[in-house]
Amino acid sequence: MKIMVVGGGGREHAIIKSIKKNPKAEKIYALPGNGGISQDAQCVDIGAKDIDAIVEFAKKEGIDFAVVAPDDPLVLGAVDALHENGIKCFGPCAAAAAIEGSKVFSKGLMKKYGIPTADYEVFDDAEKALVYIENNAKYPTVIKADGLALGKGVIIAQDKDEAVSAVKSIMEDRIFGASGSNIVIEEFLTGVEVSVLAFTDGKTVVPMISSMDHKRALDGDEGLNTGGMGTIAPSPFYTKEIADECMEKIFLPTVEAMNKENRKFKGCLYFGLMLTPNGPAVIEYNCRFGDPETQVVLPMLKTDLLDIMLAVEEERLADINVEFESGACCCVIMASGGYPLSYGKGYEITIEDDIEAMVYHAGTKKDGDKFITSGGRVLGVCVREKELSSAISGAYEQVKKINFKDAFYRRDIGAKALKAQR
Ligand code: AMP
Ligand code: GLY
């Protein structure tokens, strides 16, 4: 098979490495891929949002199967366009991707179908939102831009002043662009966050092992929100009882709700959950694999990924026995100093030959036979072990074997999870 993976980060690198294990995968293209991905796939200089060029390429090359990994092309209808041209895909159509693309839609879906989530109000007008804040808000309060905002469209306001300035900056100054034409103001939930990625073909839901992201830039969950500074899987907070409750109250009802709305979801549905004192609740849905959750979940997948993806597309997921390895995995993200704000690029990366980690490239470029940095998140260094403790210590041991100018990483990935386990 000729396979095409749309995207170019650490998540896509992990997906490609998994797909490559299947002998059916004769040729893999990455659009656009990155420096590190070029070791595992042929990179093609087409942006992940350039739907027309993606479809043209797929037709010209006779692609048999496309995996659309990032949120933007999914929300923009890449899968619909590929399907119209007879190309099989893994990923939801645009109508289903709205579960991530519009918070107004996803909150409405949860309310309509009784899926637990934070209480909320929607506003399409800054003045009305400000009146609401004046009279009703409890603090902290959470203010979210409706549309995609590079995972950054959420402001947690600690008091009225912060809430007022959040509304103004999202709706009037449009700091998150057009995604701020509508906002959601919602209740602040407390608890531990867990990510659960699930395969679904619209009929069957198969949750993968749970994982835990570390979104803030600095140790102790301090500093700015980032795309994710590291992950562990599985999360010790996510017990069998909680998993059963999530299946019954969240996973199955969500897939059924999407069917009832004529938005059948096929692909990887990401449940961002808060384990609150009142039970698990949905913080957000994503219409795709998480990044860097994928980098710890896929190395634990025993069943062949490509076979699962084909089964999802052909709606025969029920026939596949999806299995995971026991043990645990830890991924430490090595980032460029300054990320998530401004940072330098073009620094040479050196990796010692005896490295014993899965190194997924997120922001790298090839420069001759060297790799140089080209993004905020540069590499994900992942180690799988029998125990969470050894996976964490192993990942940090391997990180020492990688160097580039101004590299930084959190020193406490998995620390909270480890403490919970003890
Ligand atoms: P999101 O982009 O929806 O994942 O939100 C980013 C982060 O904001 C989440 O990972 C949570 O840490 C936090 N967050 C979002 N919504 C809430 C909420 N209702 N209560 C508490 N924290 C939240
Ligand atoms: N790690 C969070 C996300 O992929 O959105």
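Both ligands and their constituent atoms are indexed starting at 1 by order of listing. Index from 1, following the sequence. Values below: every heavy atom of this structure, side chains too, minus hydrogens, waters and symmetry copies.
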Original post:
Going by the atom numbers of ligand 1, which of them fall below 4.0 Å from some non-hydrogen atom of F188?
Top reply: 20 (N), 21 (C), 22 (N)
Original post:
At a non-hydrogen distance cut-off of under 4.0 Å, which region of Q295 contacts ligand 2 (side chain, backbone, both, or neither)?
Top reply: neither
Original post:
What do you reckon, does G228 put a non-hydrogen atom under 4.0 Å from ligand 2?
Top reply: no
Original post:
Any idea which atoms of ligand 1 are less than 4.0 Å away from a heavy-atom of K215?
Top reply: 4 (O), 10 (O)
**OP:** Pick whichever of I156, T276, D213, T190 has a heavy atom sitting closest to atom 13 (C) of ligand 1.
**Re:** I156
Original post:
Should you measure from each heavy atom of E284, which atoms of ligand 1 turn up under 4.0 Å away?
Top reply: 1 (P), 2 (O), 3 (O), 4 (O)
Subject >> Side-chain donor-acceptor pair present, E12, H361, cut-off under 3.5 Å >> reply: no
Original post:
Does a side-chain N-to-carboxylate-O contact under 4.0 Å join E261 and K112?
Top reply: yes
Original post:
For ligand 2, which atoms, with element, lie under 4.0 Å from some heavy atom of N286?
Top reply: 3 (C), 5 (O)
Original post:
Does Y270 have a heavy atom less than 4.0 Å from any atom of ligand 2?
Top reply: yes
**OP:** Give the atoms of ligand 1, by number and element, whose distance to some non-hydrogen atom of E187 is under 4.0 Å.
**Re:** 18 (C), 19 (N), 20 (N)
**OP:** Taking the six-membered ring for Trp and the single ring otherwise, decide whether the centroids of F65 and F90 are under 6.0 Å apart.
**Re:** no
Subject >> Per-residue contact class, R11 against ligand 2 - non-hydrogen pairs under 4.0 Å >> reply: neither
Original post:
Going by distance alone, is a donor N or O of one side chain under 3.5 Å from an acceptor N or O of the other, for E127 and Y132?
Top reply: no
Original post:
Taking the six-membered ring for Trp, are the ring centroids of Y270 and F289 within less than 6.0 Å of each other?
Top reply: no
Please tabulate, one pair per line, all N/O donor-acceptor pairs under 3.5 Å involving side-chain atoms of residues 329-345, not counting sequence neighbours.
residue: S336; atom: OG; partner: G375; partner atom: O; Å: 2.7
residue: Y339; atom: OH; partner: G227; partner atom: N; Å: 2.9
residue: Y343; atom: OH; partner: G376; partner atom: N; Å: 3.0

Subject >> Where ligand 2 meets R288 - atom numbers and elements under 4.0 angstrom, heavy-atom basis >> reply: 3 (C), 4 (O), 5 (O)
Original post:
Which of the atoms in ligand 2, numbered in the order shown and given with their element, are less than 4.0 Å from a heavy-atom of G227?
Top reply: 1 (N)
Subject >> Polar contact flag for D291 and ligand 2 (N/O pairs, less than 3.5 Å) >> reply: yes
Subject >> Where ligand 2 meets G290 - atom numbers and elements under 4.0 angstrom, heavy-atom basis >> reply: 4 (O)
**OP:** Report, in ascending order of atom number, the atoms of ligand 1 lying under 4.0 Å from any heavy atom of E186.
**Re:** 16 (N), 17 (C), 18 (C), 19 (N)
**OP:** Under 4.0 Å from a heavy atom of M274: give me the atoms of ligand 1 that qualify, with their elements.
**Re:** 21 (C), 22 (N)
Subject >> Residues N22 and D304: side-chain donor-acceptor under 3.5 angstrom >> reply: yes
Subject >> Contacting atoms of ligand 2, where contact means under 4.0 angstrom from a heavy atom of D213 >> reply: 1 (N), 2 (C)
Original post:
Just by distance, with hydrogens left out, do E323 and T303 show a side-chain donor and acceptor under 3.5 Å apart?
Top reply: no
Subject >> E193: numbered ligand 1 atoms lying under 4.0 Å from its heavy atoms >> reply: 9 (C), 10 (O), 11 (C), 12 (O)
Subject >> Which segment of E100 sits under 4.0 Å of ligand 1 when only heavy atoms are counted >> reply: neither
**OP:** For the pair D71 and N286, evaluate side-chain hydrogen bond (donor to acceptor under 3.5 Å, both in side chains) and give the outcome as yes or no after the intermediate values.
**Re:** CA-CA 8 Å; D71 47 4; N286 290 331; over 6 Å; no
Subject >> N/O donor-acceptor pair under 3.5 Å between D201 side chain and K266 backbone >> reply: no
**OP:** Within a distance under 4.0 Å of any heavy atom of K103, pick out the atoms of ligand 1 and give their elements.
**Re:** 3 (O)
**OP:** Tell me which part of L189 gets within contact of ligand 1: side chain, backbone, both or neither, using heavy atoms under 4.0 Å.
**Re:** both
**OP:** Calculate, to the nearest 0.5 Å, the distance between atoms OG and CG belonging to S165 and D159 respectively.
**Re:** 8.5 Å
**OP:** Under 4.0 Å from a heavy atom of E293: give me the atoms of ligand 2 that qualify, with their elements.
**Re:** 1 (N), 2 (C), 4 (O)
**OP:** Flag this pair as yes if the NZ/CZ of K103 is under 6.0 angstrom from the six-membered ring centre of Y285 and inside a 45 degree cone about the axis; otherwise no.
**Re:** no
Subject >> Aromatic F371 / basic K366 pairing, under 6.0 angstrom, 45° off normal >> reply: yes
